[in-house]
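Order of appearance sets the numbers: ligands from 1, and atoms from 1 within every ligand. One is the number of the first residue; the rest follow in order along the sequence.
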Amino acid sequence: MTTAESGTGDAQLIKSDCILCVSGCGIDAFVKDGKLVGVRGMAEHPLNQGRLCPRGENLVEYANAPDRIKYPMKKEDGAWKRISWDEALDTIAAKLTGIKKEFGAHALAIFCGSMAVENIELAAFTQRFKGAFGTPNLISVESICFRIRVVAHLLTFGRFTSEDPLESECILLWGNNPDDSRFMWADHMHEAVAQDKLKLIVIDPKRTALAKEGLHLQIRPGTDMALGLAMMNVIICEDLYDKDFVNECTVGFDQLKEHVRQYTPEWAEQVTGIPAPDIRQATRVFASANSACIIPGTCSLAHSGNALQAERLLCMLQAITGNMDIKGGWAMTPLVKLSDLRIPIDEDPIGAEEYPVFYKTWGKAVPYGQAMLFPDVVLTEKPYPIKALIVTGGNPVLTMPESNKVRQAIEKLDLVVVINPFMTETAEMADIVLPACTFLEKMGLGMVYGINAGLPYLLLRKQVVEPPGEAWADWKFWTELARRLGLGEYFPWNTDEEVIRHLLEPSGITLEQLQENPCGIFYDTRKYDARTTFGFRTPSKKVELYSQALKDEGYDPIPTYREPGQSPVSTPELAREYPLLLITGARMKEYTHSQLRSMTKMRRMAPEALAEIHPVTAKDYDIIDGCMMYIETRKGSIKIKARVTDDIAPKCITIPHGWAQANANVLTDLQERDPVSGYPMLKGLLCRVRKAD
Ligand SMILES: Nc1nc2c(c(=O)[nH]1)N[C@H]1C(S)=C(S)[C@@H](COP(=O)(O)OP(=O)(O)OC[C@H]3O[C@@H](n4cnc5c(=O)[nH]c(N)nc54)[C@H](O)[C@@H]3O)O[C@H]1N2
Ligand SMILES: Nc1nc2c(c(=O)[nH]1)N[C@H]1C(S)=C(S)[C@@H](COP(=O)(O)OP(=O)(O)OC[C@H]3O[C@@H](n4cnc5c(=O)[nH]c(N)nc54)[C@H](O)[C@@H]3O)O[C@H]1N2
Ligand code: SF4
Ligand SMILES: [Mo]
């Protein structure tokens, strides 16, 4: 990949990381006269090893973007008016005090976007403020992304394990397209396949670049559980499971064996559209490899309508083939221990009652409510009115399902505050917007998370440039707001450095140590011996193939095939009107969700949203490559340019999200949720298309 170093001359080099997405790649930033003038991938960083994606390569434009929010502003007669931080904070504090008095603390909701995943300080401070103020209603992208995988792992193994793909003999890429979402893993897989070191199986309705290099199972969206159960059937019927592991380390194998008898590959062929011989062949390759690793998309299965059970099924496939706690399988990465800023409160958030499995695992609660309930709670005022919303690190008007309803709910609120470096569609709806620093303008802690990449590695994210105008770090906003609400005792910090020192306290790692090691440190090693040293921390101390905990909550103890809430099979009437299947949210390497649309270089590379459609399907609707078409669901309609390609399965359409003009979430449906977790169905929705004039 090219780098953006030209003209860096005598610039100062600062080693840091990029968190424009969750990967957290190391960067060498070149700064001259206070400006970022060049950037390249940090060669010493264990994840990206000197490489960057197009967004990372374009950080100079991002850092110098002219369209930043530079000052606090309030909306007056529909126009933005600059105000001081004092006025902004006093206004917010006065309003929140009134709302709390009249409606209770729970009438304030805080929405935390994906930035909370990459940005530990942002997440920690929203959680602290939530507790100090006394509202249970922190809601976040964890209701839509990744969290449910953690729950599935905890229920099955009693701990979280992540993929260890570099040493795998066989990788099952399950609804995962790393060429667009995580380039470093894609690079590894292309290389390993070319060198004949890797057997690759790709399960995807789209023939992705990697699918072309491996065994491709082109699945009907939303039917992954049928495939998984048929694979389980083959593994058990053909004696391909790891008997020692199953005998020593699991409970419920006999029930599982009995249960999956019904799910033959021939049955799964009818459901998934994948030929039975291909299911058998892929299963044999997977189950007989010395090391095999399922790498699911971060949330493709979680968006399939059966989030929790689908993720659990993958855990079980990984376990019964003996690919736990081994090199090239799934293994444990010890997390660095950071200070816990949460302040416990007694009240449960919205969604805790409806989705107890999402909210609590083995008695331990997450600090979030289920965000998918938020619009309805606001609109119906049940179970109680919510009157105010603070949004940080996200753009829910574009990124949460059913945008029209999200908008309606936000319009109904008495106070909406958005803190963001940029003016987003959500910020446009606010009463007050506040200028946030980007990650380049404050200090932070960089980690490589357990999402497809558990490296026990920590790096000091250094401040690279000064913030523009009056932009603040998020911790400072929460601290100053808390002080105005009389909650200052909970927020004693005054500088970035104090915050980082405090966060690091329990880790045994000091700020000085990180400063002396600008390329980061490994604080531990991956644990391939966790089975013997750590065990499985479920009540049975074993891998729970049969989950009594799920049974007790009224859910299937062993994953059972259920069609998604909306599908040609479960809702044939609706399918007559909407005969095609819509996948929303395909990642584009030029953008992160709704971000970066104002970057000229990204816009040149990918100027607009494209809907991929198969030539045979396109012909049925008189659609040709490059023409505009409407995609319609029960919830709405968008106009989008067609890209005709036989890479996508017939009768499927795949579109990216995050585009204001062709907003995928106008089409999605908050009513379609996983019954166990409340995760929304964003893949496999019923839709129809027609040519636009
Ligand atoms: N460039 C870029 N990278 C990103 C992000 C970004 O916005 N931009 N976002 C980051 C975040 S937060 C996330 S969650 C990850 C997501 O990253 P990925 O998990 O890779 O996500 P997707 O691109 O949504 O989906 C991957 C594949 O799943 C397939 N798929 C869709 N529906 C189904 C289905 O029902 N079954 C199966 N088996 N496959 C299906 C799609 O065709 C696609 O090829 O990306 C991260 N990386
Ligand atoms: N239809 C459909 N919708 C989806 C998905 C899908 O697959 N299909 N995927 C979902 C997934 S997996 C995810 S994770 C979500 C992501 O949803 P969001 O998190 O809402 O997405 P972003 O557009 O990345 O919003 C992040 C915002 O944080 C701002 N920001 C950046 N740095 C900072 C900072 O330091 N402080 C503050 N305060 N703000 C900052 C950015 O400018 C940006 O506006 O989208 C979800 N939406
Ligand atoms: S993949 Fe790209 S955007 Fe994401 S952290 Fe790495 S360089 Fe930044
Ligand atoms: Mo995500």
Closer than 4.0 Å to some heavy atom of [X] - which atoms of ligand 2 meet that?
| X | answer |
| --- | --- |
| T392 | 38 (N) |
| N119 | 35 (O) |
| N665 | 1 (N), 2 (C), 3 (N) |
| I419 | 37 (C), 38 (N), 39 (N) |
| T424 | 44 (O) |
| D474 | 34 (C), 35 (O), 36 (N), 37 (C), 38 (N) |
| A436 | 36 (N), 37 (C), 38 (N) |

Identify, with sequence neighbours excluded, every residue that meets side-chain contact (heavy atoms from CB on, under 4.5 Å) alongside Q218.
-> H216, A649
Sequence-distant partners of A409, side-chain contact (heavy atoms from CB on, under 4.5 Å), two or more places apart |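 Result, side-chain contact (heavy atoms from CB on, under 4.5 Å) vs A409: P375, V378, L379.
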Using distance alone, determine whether Y62 and ligand 2 share an N or O pair under 3.5 Å.
->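 The answer is no, given that Y62 and ligand 2 share no N or O pair closer than 3.5 Å.
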Backbone or side-chain N or O of A664 under 3.5 Å from ligand 2 N or O |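 N/O-N/O distance below 3.5 Å does not exist for this pair.
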Side chains of [X] and [Y]: is there a donor and an acceptor less than 3.5 Å apart?
| X | Y | answer |
| --- | --- | --- |
| W475 | D496 | yes |
| N177 | T208 | no |
| Y561 | E563 | yes |

Using a strict cut-off of under 4.0 Å between a residue heavy atom and any atom of ligand 1, list the qualifying protein residues by chain and number.
->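 Lining ligand 1: R55, C145, W174, G175, N176, N177, D180, S181, I203, D204, P205, K206, T208, I219, P221, G222, D224, G297, T298, C299, S300, I583, G585, A586, R587, M588, K589, Y591, T592, H593, K683.
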Pair D647-K206, salt bridge (charged side-chain N to carboxylate O under 4.0 Å, His left out): steps then yes or no | CA-CA 6 Å; D647 283 342; K206 180 172 163 170; over 6 Å; no
Check the angle between the aromatic planes of W85 and F477 and answer parallel, tilted or perpendicular using the 30° and 60° thresholds.
-> tilted
Using modelled atom types only, decide if a donor and an acceptor are shared between the side chain of Y591 and the backbone of W659 within a distance under 3.5 Å.
->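 Not at all, since once roles are kept as given, no pair shorter than 3.5 Å links the two residues.
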What about the rings of F146 and F160, do their centers lie closer together than 6.0 Å?
-> yes
With side chains defined as the heavy atoms from C-beta onward, is the minimum distance between M429 and R407 less than 4.5 Å?
->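 Touching, per the 4.5 Å side-chain cut-off.
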Which part of L122 is near ligand 2, with near meaning a heavy atom under 4.0 Å away: side chain, backbone, both or neither?
-> side chain
Have a look at ligand 2 and work out which part of P401, if any, has a heavy atom under 4.0 Å from it: side chain, backbone, both or neither.
->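 No part of P401 is near ligand 2 at this cut-off.
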Selection residues 419-437 - residue pairs positive for salt bridge (Lys or Arg N to Asp or Glu O under 4.0 Å), sequence neighbours left out =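 For residues 419-437: none.
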